[in-house]
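Remember, it's a predicted structure, so these values are computed and weren't measured experimentally.
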Amino acid sequence: LRNLALDSENRASIASAGAIPQLARQLKDGLPYGQEMAASALSQLALKSATLRVQVTQELVGLLGSNLSDVRGRAANALRAMNATHNESMSIAMAGGIDRFVHLLTHGSVEAQEYALWSLWQSADVASKVSIAEAGCSEPIIATLVAGKLHEVAKEHAAAVLYFLSSEGVSGVSKELCMKNRQDIEEAGGLIPLISLLRRGSAGAKRNSALALAQLAHGERSTTIAAKGAVTALVEWLIDKSCGPPEMAAHALSYIAQDNTDTQTAIAEEGAIPLLVSMCVSAKNPEWQMYAAGALAALAENHVLNQMIIYEEGGLKPVVDLLKGEASQPWENATRALWHFSAYYDNKLAIAKHDGLSPLVRLLSKGSEQAQEWAAAALESLTRDCSENQVANPSVEAIMPLVGLLGSEDEDTQDHAVRALLNISLPHADNRNAVVRPIVHLLEVRNAVASMKAAQALVMLAARSGADRQSIAEA
């Protein structure tokens with residue numbers, strides 16, 4: 001039967017003759033050579049069509065429930081071998097529906113649990129992802145990790161599925177459902193096994209755990225993740241890449257630090273800042289630099305002490321240099337980093353000294369929409385209460401691109417641009433007139449958004465001083 005099944009034209013006839021359940025029985029009860037041939041024949045039959053693949057899968061999954069460990073092992077090996085010969089992943093619906101996998105995770109043998117985790121991990125179609133997200137399977141997945149019986153590859157799959165369950169932006173999965181899954185993971189005790197994998201997992205499990213913890217790091221949960229040892233482990237990755245991938249450490253730390261003063265402080269106290277600065281300088285991979293700049297940005301946001309430490313550790317020039325480089329991947333995060341660095345006055349002057357204004361001006365018109373917003377925000381911050389930067393040539397050169405951003409579709413970009421223009425207009429009449437004239441001109445442009453924002457900017461200028469009102473009148 002195996003030899004006949006090697007010919008694709010025979011497969012449908014073999015299956016219609018009732019061979020699939022008989023081959024599965026041979027895999028269970030036969031002699032070793034018969035078991036080998038049965039597994040190979042089933043794999044060949046599954047190549048014929050999705051329907052036959054489903055039939056074979058169902059028979060093999062049934063064997064995963066056997067009381068005999070050898071039978072479970074042979075069925076698991078046959079499933080892996082069969083799936084290795086297929087280029088397309090099998091959807092959850094084709095494999096019997098999400099309830100079957102939840103049942104295997106909850107009540108199945110270790111082999112059944114590992115197969116279920118593999119199936120959930122490899123399901124790439126939208127319908128499968130939605131069904132997984134809606135199934136509430138966090139608790140049984142975490143239970144398999146806690147039990148400690150999974151092989152290393154299965155732990156990778158478990159961490160990957162938890163990462164998916166906690167990730168926003170999956171097509172068809174609402175933000176509310178994502179937030180519920182995060183809460184479910186925490187309440188089921190999922191943080192501890194994920195943090196444990198940062199040190200004791202395989203390379204893949206470490207990576208997937210870092211990604212999952214990054215998505216789970218919101219609000220007070222970030223504090224818990226840091227307190228349970230994740231920050232210490234991730235900083236070790238920055239020190240020694242044999243412990244884990246440094247770029248993933250930087251990525252996860254950026255999420256753990258986000259909008260949380262306690263975790264920002266904890267990460268800095270672990271010594272992460274000089275290591276991240278070094279990554280910006282020495283990393284040859286632009287993606288690594290992107291993650292390092294993102295982590296520094298998160299550490300500096302609304303945290304004066306960290307802004308000072310970054311200055312003292314020589315972190316300003318390397319981030320400015322990222323904006324001057326040809327690789328575009330780091331530009332957005334580097335721009336955001338300069339925005340937050342410049343909240344500290346000494347950093348404003350130092351960034352300008354390192355020629356950090358000019359690349360920001362370039363990004364106002366040539367960067368991505370996100371880079372444009374953060375470049376406007378950085379220039380707003382750099383020119384706030386800093387006359388040296390207000391009169392600097394790059395700031396003056398920024399006026400027209402900033403005026404252009406008043407017509408942006410993003411309201412935050414518009415607001416940053418307005419405030420940057422107000423700052424630049426402060427020092428003397430030349431700057432004031434250079435700002436006012438193009439804003440007044442916008443009132444005549446057929447762009448309702450730009451005209452409305454220009455009018456708001458002029459109202460703010462007029463309320464500020466008589467000199468501003470005079471400039472508006474003369475324009």
Distance-only check: which donor-acceptor pairs under 3.5 Å involve side-chain atoms of residues 168-177, not counting sequence neighbours?
unit_1: Glu168; atom_1: OE2; unit_2: Arg182; atom_2: NH1; d: 3.4
unit_1: Glu168; atom_1: OE2; unit_2: Arg182; atom_2: NH2; d: 3.4
unit_1: Ser174; atom_1: OG; unit_2: Leu177; atom_2: N; d: 3.1

Carefully, step by step, assess Asp240 and Glu236 under the rule side-chain contact (heavy atoms from CB on, under 4.5 Å).
CA-CA 6 Å; Asp240 182 358; Glu236 289 173 359; over 6 Å; no
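- Counting heavy atoms of neighbouring residues, nucleotides and ligands inside a 6.0 Å radius, atom CD of Glu411 does not exceed 12 of them.
- Aromatic ring orientation, Trp339 versus Trp374: tilted (interplanar angle from 30° to 60°).
- A ring pair (Phe, Tyr, Trp, His ring centres under 6.0 Å) check over residues 260-296, counting only residues at least two apart or in different chains, returns the pairs His251-Tyr291.
- When all heavy atoms are compared, the tightest approach of Ile142 to Gly190 is CD1-CA, 3.5 Å.
- Under the 4.5 Å side-chain criterion, counting only non-hydrogen atoms from C-beta, Leu52 is not in contact with Leu47.
- At least one side-chain heavy atom of Leu216 sits less than 4.5 Å from a side-chain heavy atom of Leu191.
- Of all heavy-atom pairs spanning Ile225 and Ile195, the tightest one is O-CD1, 3.8 Å.
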Just do the side-chain contact (heavy atoms from CB on, under 4.5 Å) check on Leu27 and Leu60 with the steps written out, would you?
CA-CA 9 Å; Leu27 185 65; Leu60 293 175; 3.5 Å; yes
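- In the displayed structure, Asn67 atom CG is contacted under 6.0 Å by at most 12 heavy atoms of other residues, nucleotides or ligands.
- At most 12 non-hydrogen atoms from other residues, nucleotides or ligands lie less than 6.0 angstrom from CD of Glu139.
- More than 12 heavy atoms of other residues, nucleotides or ligands lie within 6.0 Å of CZ in Phe164, so this atom counts as buried by the packing criterion.
- Ring planes of Tyr115 and Phe101: tilted class, angle from 30 to 60°.
- Taking Glu270 as the reference, nothing meets the salt bridge (charged side-chain N to carboxylate O under 4.0 Å, His left out) condition, with sequence neighbours excluded.
- No side-chain donor-acceptor contact under 3.5 Å links Ser381 to the backbone of Ala377.
- Here the side chain of Ser167 pairs a donor or acceptor atom with the backbone of Tyr163 at under 3.5 angstrom.
- For the pair Val153/Ser202, no side-chain contact is recorded, criterion being any heavy-atom separation below 4.5 Å from C-beta on.
- Here the NZ-CG distance, from Lys206 to Asn208, works out to 13.0 Å after rounding to the nearest 0.5 Å.
- The salt bridge (charged side-chain N to carboxylate O under 4.0 Å, His left out) search around Glu156 returns none, not counting sequence neighbours.
- Using modelled atom types, no side-chain atom of Arg72 and backbone atom of Leu64 make a donor-acceptor pair closer than 3.5 Å.
- Judged by distance alone, the side chains of Ser13 and Asn10 never bring a donor and an acceptor atom under 3.5 Å apart.
- Applying the ring pair (Phe, Tyr, Trp, His ring centres under 6.0 Å) definition to pairs two or more places apart or across chains, none involves residues 187-239.
- The CZ atom of Arg199 sits 13.0 Å away from atom OG of Ser209, with the distance rounded to the nearest 0.5 Å.
- Distance check: Lys317 NZ to Leu322 CG gives 10.5 Å after rounding to the nearest 0.5 Å.
- Under 3.5 Å, the side chains of Glu301 and Gln258 contain a donor-acceptor pair of N or O atoms.
- Using a 4.5 Å cut-off on side-chain heavy atoms (C-beta onward), Ile98 and Ser128 make no contact.
- Proximity of Leu213 to Leu198: side-chain heavy atoms (C-beta onward) are separated by under 4.5 Å at one or more points.
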Carefully, step by step, assess Arg25 and Asp29 under the rule salt bridge (charged side-chain N to carboxylate O under 4.0 Å, His left out).
CA-CA 6 Å; Arg25 185 167 66 85; Asp29 299 325; 5.1 Å; no
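- Remark: Asn347 CG to Leu316 CG distance equals 4.5 Å, nearest 0.5 Å.
- Minimum interatomic distance between Gln329 and Pro286 (heavy atoms only, all atoms of both residues): OE1-CB, 3.7 Å.
- Using a cut-off of 4.0 Å between Lys/Arg side-chain N and Asp/Glu carboxylate O, Lys129 and Asp125 are scored as not salt-bridged.
- Between the side chains of Gln44 and Arg11, at least one donor N or O sits under 3.5 Å from an acceptor N or O.
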Apply side-chain contact (heavy atoms from CB on, under 4.5 Å) to Arg419 and Asp415, showing your working.
CA-CA 6 Å; Arg419 290 191 289 267; Asp415 291 340; 3.7 Å; yes
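- Interatomic distance, CD of Gln414 versus CE of Met452, reported as 10.5 Å (0.5 Å rounding).
- Closest non-hydrogen pair, Pro318 versus Val277, comes out as CG-CG1, 4.1 Å.
- Qualifying salt bridge (charged side-chain N to carboxylate O under 4.0 Å, His left out) partners for Arg221, counting only residues two or more places apart in sequence or in other chains: Glu186.
- Judged purely by distance below 3.5 Å, without hydrogens or angles, the side chains of Ser408 and Asp410 never pair a donor atom with an acceptor atom.
- You'll find the side chain of Arg362 reaches within 4.5 Å of the side chain of Trp331, heavy atoms only.
- Remark: Lys149 NZ is loosely packed, at most 12 non-hydrogen atoms of other residues, nucleotides or ligands lying under 6.0 Å away.
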Going through the distances and angles, do His303 and Thr265 end up as a side-chain hydrogen bond (donor to acceptor under 3.5 Å, both in side chains)?
CA-CA 8 Å; His303 199 292; Thr265 301; 2.9 Å; yes
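- For Thr223 and Asn260, the side-chain atoms include at least one donor-acceptor pair closer than 3.5 Å.
- A distance of 5.0 Å separates CG of Asn181 from OG of Ser138, quoted to the nearest 0.5 Å.
- In plain terms, the two heavy atoms of Leu382 and Leu360 that are nearest each other are CD1-CD1, 3.5 Å.
- Under the 4.5 Å side-chain criterion, counting only non-hydrogen atoms from C-beta, Leu145 is in contact with Leu162.
- A donor atom on one side chain and an acceptor atom on the other are not found under 3.5 Å apart for Gln183 and Lys180.
- Within the 4.5 Å cutoff, the side chain of Thr335 has no heavy atoms near those of the Glu332 side chain.
- One N or O on the side chain of Asn306 and one on the backbone of Leu299 form a donor-acceptor pair closer than 3.5 Å.
- One side chain, Glu373 or Gln370, offers a donor N or O that lies under 3.5 Å from an acceptor on the other.
- One side chain, His151 or Glu114, offers a donor N or O that lies under 3.5 Å from an acceptor on the other.
- The two residues Ala376 and Ala420 come nearest to each other via the heavy atoms O-CB, 4.1 Å.
- Counting non-hydrogen atoms of neighbouring residues, nucleotides and ligands closer than 6.0 angstrom, the NZ atom of Lys28 reaches no more than 12 such neighbours.
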Would you check, one step at a time, whether the test side-chain contact (heavy atoms from CB on, under 4.5 Å) holds for Met248 with Leu211?
CA-CA 7 Å; Met248 284 296 99; Leu211 289 169; 3.6 Å; yes
